[in-house]
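What follows is a single structure, written as structure tokens, with notes after it.
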Amino acid sequence: MSKTFLICFVIVTMSAFSSVNANDAIKTKILELYPQADTNGDGVISDAEEAMVSRQALKRHPKADKDGDGVLSDAEKQSLLRMAANRAKPKPSTTSTDKAKKTPSFANVKYGEHERQVFDIWLADADEPTPLAIYIHGGGFKNGSKDKLKPNELSELLDAGISVAAINYRYLTIAPLPAAHHDARRALQFMRSKAVQWNINKNKVAAFGGSAGAQICMWLAFSDEMAKPDSLDPIERESTRLTCVATAGGQTSNGVEFWSKTIGPLLGENKKIESLSLPLNGESDPKKVRMAMWGAKTLGEANEIAFRHSALDIVSADDPPIFMSYGMSPTDKMPTDPKRVRGWLIHHVNLGIALKEKADAIKVEAHLKHPGAKTKYQSLVDFFAAKLLEEQSTP
């Protein structure tokens, strides 16, 4: 089965089962076979993501709409499924490695002493130094790994001539924030220190990731230069600035008041934003969890540290372009499945809208993609190709 047919088959499958009450097992299988459908990078297929791909299926297969009513009836969906299944049976896969991730040029490179302070890197084949895109995984700062890098994005970036790295960082349960942010900074500087050896253009470096990874990416992108020119450690002398950044389902603020204003109204009556807080290391009180999360002794100290790592609070006019994607439109309704509500809320497009409004006001280039939005770039690969492959180097 070709890669193109596999994607089409999964899209058809999505169309056949698209509804607000779609079976979780189907969504899990879709995520396994077609990770591109997980546009906000949270590791699950939301109702909005499912509906979006269903619309794509109808667009790709208009003749399947036999009665011409603009939607696929159950009978029309079943017809598409039978056709796809029949076509798949006599054609054993001749490209079984298409979905397999390419072998890294260097795997589990240590950039620190902890077992999670490692990264993989894939070097693009080129005579001239190549740009570099660094993937930072999500998982609520408590889960996830560099292995979550999507094979299709890796392949497309490498094909475009962009080298790719994927990092691990210490979980929140191991060391409080901002340890994860500092790990990513160290990994970035370590890679820049290897620029000559790895044929990397250290003036063309980007970061991308979803959810928690998106937060770290934005912190790197919107922080002032953190290099220490006089450090005895040569790695610390390397720049921390980025050329551009791409995020999926990113939380653009760490402020409780912001979340109450931006996400609170979506919760419904009699529910406070603190209800989204999850236990940490056995502690369940939201205020104590926030203090533990940021390694603070008081709530005020936690809020101050959180502020310094909040994209909306630190973005300034000299910061690089950002491409944001979210899996729902501003008018989408909350999922009916209670298990998906929290994920939907903490990755809501309203978070991206707020950052875009701030970026537009201070003239920072910002692109926001969500279902129904018209954007200049259709994917982070398109965005990175435009920003990283320009002839003139960015200082």
Side-chain angles (χ1 to χ4, degrees), residues 32 35 38 41 43 96-126 129-202 204-217 219-220 233-240 242 245-246 248 380 384:
E32 176 187 341
D38 179 21
S96 59
T97 60
D98 277 356
K99 289 190 64 60
K101 194 172 295 179
K102 297 176 183 293
T103 302
S105 303
F106 299 96
N108 292 314
V109 179
K110 293 182 66 66
Y111 66 88
E113 296 302 319
H114 194 273
E115 63 181 2
R116 284 199 52 80
Q117 292 173 320
V118 294
F119 66 85
D120 299 335
I121 189 165
W122 295 259
L123 302 176
D125 186 12
T130 68
L132 173 65
I134 302 172
Y135 170 72
I136 306 176
H137 69 80
F141 295 107
K142 295 186 288 187
N143 298 286
S145 79
K146 56 186 171 61
D147 296 333
K148 294 297 184 179
L149 171 61
K150 296 177 181 179
N152 67 299
E153 291 181 346
L154 170 62
S155 296
E156 290 173 18
L157 287 167
L158 290 173
D159 289 345
I162 299 171
S163 294
V164 182
I167 75 167
N168 279 349
Y169 51 82
R170 286 170 294 169
Y171 293 140
L172 177 60
T173 50
I174 297 170
L177 299 178
H181 300 68
H182 294 173
D183 283 357
R185 178 182 63 194
R186 178 73 178 185
L188 164 62
Q189 292 176 298
F190 183 95
M191 293 176 209
R192 274 198 163 114
S193 74
K194 297 287 187 180
V196 174
Q197 179 180 339
W198 288 343
N199 196 35
I200 291 171
N201 181 352
K202 64 169 65 179
K204 290 288 186 178
V205 180
F208 66 107
S211 195
Q215 291 188 55
I216 297 174
C217 289
W219 176 74
L220 288 172
D233 181 352
I235 293 176
E236 290 187 345
R237 298 199 291 264
E238 294 289 345
S239 175
T240 61
L242 297 175
V245 62
L380 71 88
F384 280 170

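This chain uses plain numbering: 1 for the first residue, then up along the sequence.
A 4.5 Å side-chain heavy-atom check between Lys148 and Tyr135 finds at least one atom pair inside the cut-off. Residues Val205 and Leu188 are in side-chain contact: their nearest non-hydrogen atoms beyond the backbone lie under 4.5 Å apart. Contact annotation: the side chain of Lys202 never approaches that of Leu132 to less than 4.5 Å [non-hydrogen atoms, C-beta and beyond].
Take Ala126 and apply the side chain to side chain contact (heavy atoms under 4.5 Å, CB included) test, not counting sequence neighbours, and it matches Thr130. Judged as a side chain to side chain contact (heavy atoms under 4.5 Å, CB included), and not counting sequence neighbours, the contacts of Ala180 are Phe141, Tyr169, Leu177, Ile216. Every side chain to side chain contact (heavy atoms under 4.5 Å, CB included) that Ser105 has, sequence neighbours left out, goes to Leu123. Trp219 meets the side-chain hydrogen bond (donor to acceptor under 3.5 Å, both in side chains) test with Ser223; sequence neighbours excluded.
Sequence neighbours left out, the pairs with a member in residues 180-194 that pass salt bridge (Lys or Arg N to Asp or Glu O under 4.0 Å) are Arg170-Asp183, Arg186-Asp233. Within the structure, salt bridge (Lys or Arg N to Asp or Glu O under 4.0 Å) pairs that include any residue of residues 109-123 comprise Asp120-Lys146 (at least two apart or interchain).
Here the straight-line distance linking atom CD1 of Ile167 with atom CD1 of Ile121 works out to 11.5 Å at 0.5 Å rounding. To the nearest 0.5 Å, atoms NE2 (His114) and OH (Tyr171) are separated by 10.5 Å. Atom CD1 of Ile136 is separated from atom CZ of Phe208 by 9.5 Å, given to the nearest 0.5 angstrom. Expressed to the nearest 0.5 Å, how far NZ of Lys204 lies from CG of Leu242 amounts to 12.5 Å. Rounded to the nearest 0.5 Å, atoms NZ (Lys150) and NZ (Lys101) are 11.0 Å apart. Between Lys102 atom NZ and Leu149 atom CG the span is 12.0 Å, to the nearest 0.5 Å.
Centroid-to-centroid, the aromatic rings of Phe119 and Phe190 come within less than 6.0 Å. The aromatic ring centroids of Phe106 and Trp122 lie 6.0 Å or more from each other.
The shortest heavy-atom contact between Gly209 and Cys217 is N-SG, 3.7 Å. Across all non-hydrogen atoms, the minimal contact from Ala207 to Phe384 is O-CZ, 3.6 Å.
In terms of modelled atom types and a separation under 3.5 Å, the side chain of Ser163 and the main chain of Ala124 share a donor-acceptor contact. Of the possible donor and acceptor atoms, one in the side chain of Gln189 sits under 3.5 Å from a partner among the backbone N and O of Glu238.
The local environment of CG in Asp125 is sparse, with at most 12 non-hydrogen atoms from other residues, nucleotides or ligands closer than 6.0 Å.
Shown are Asn143, Asn168, Asp147; of these, the side chain to side chain contact (heavy atoms under 4.5 Å, CB included) with His137 is made only by Asn168.
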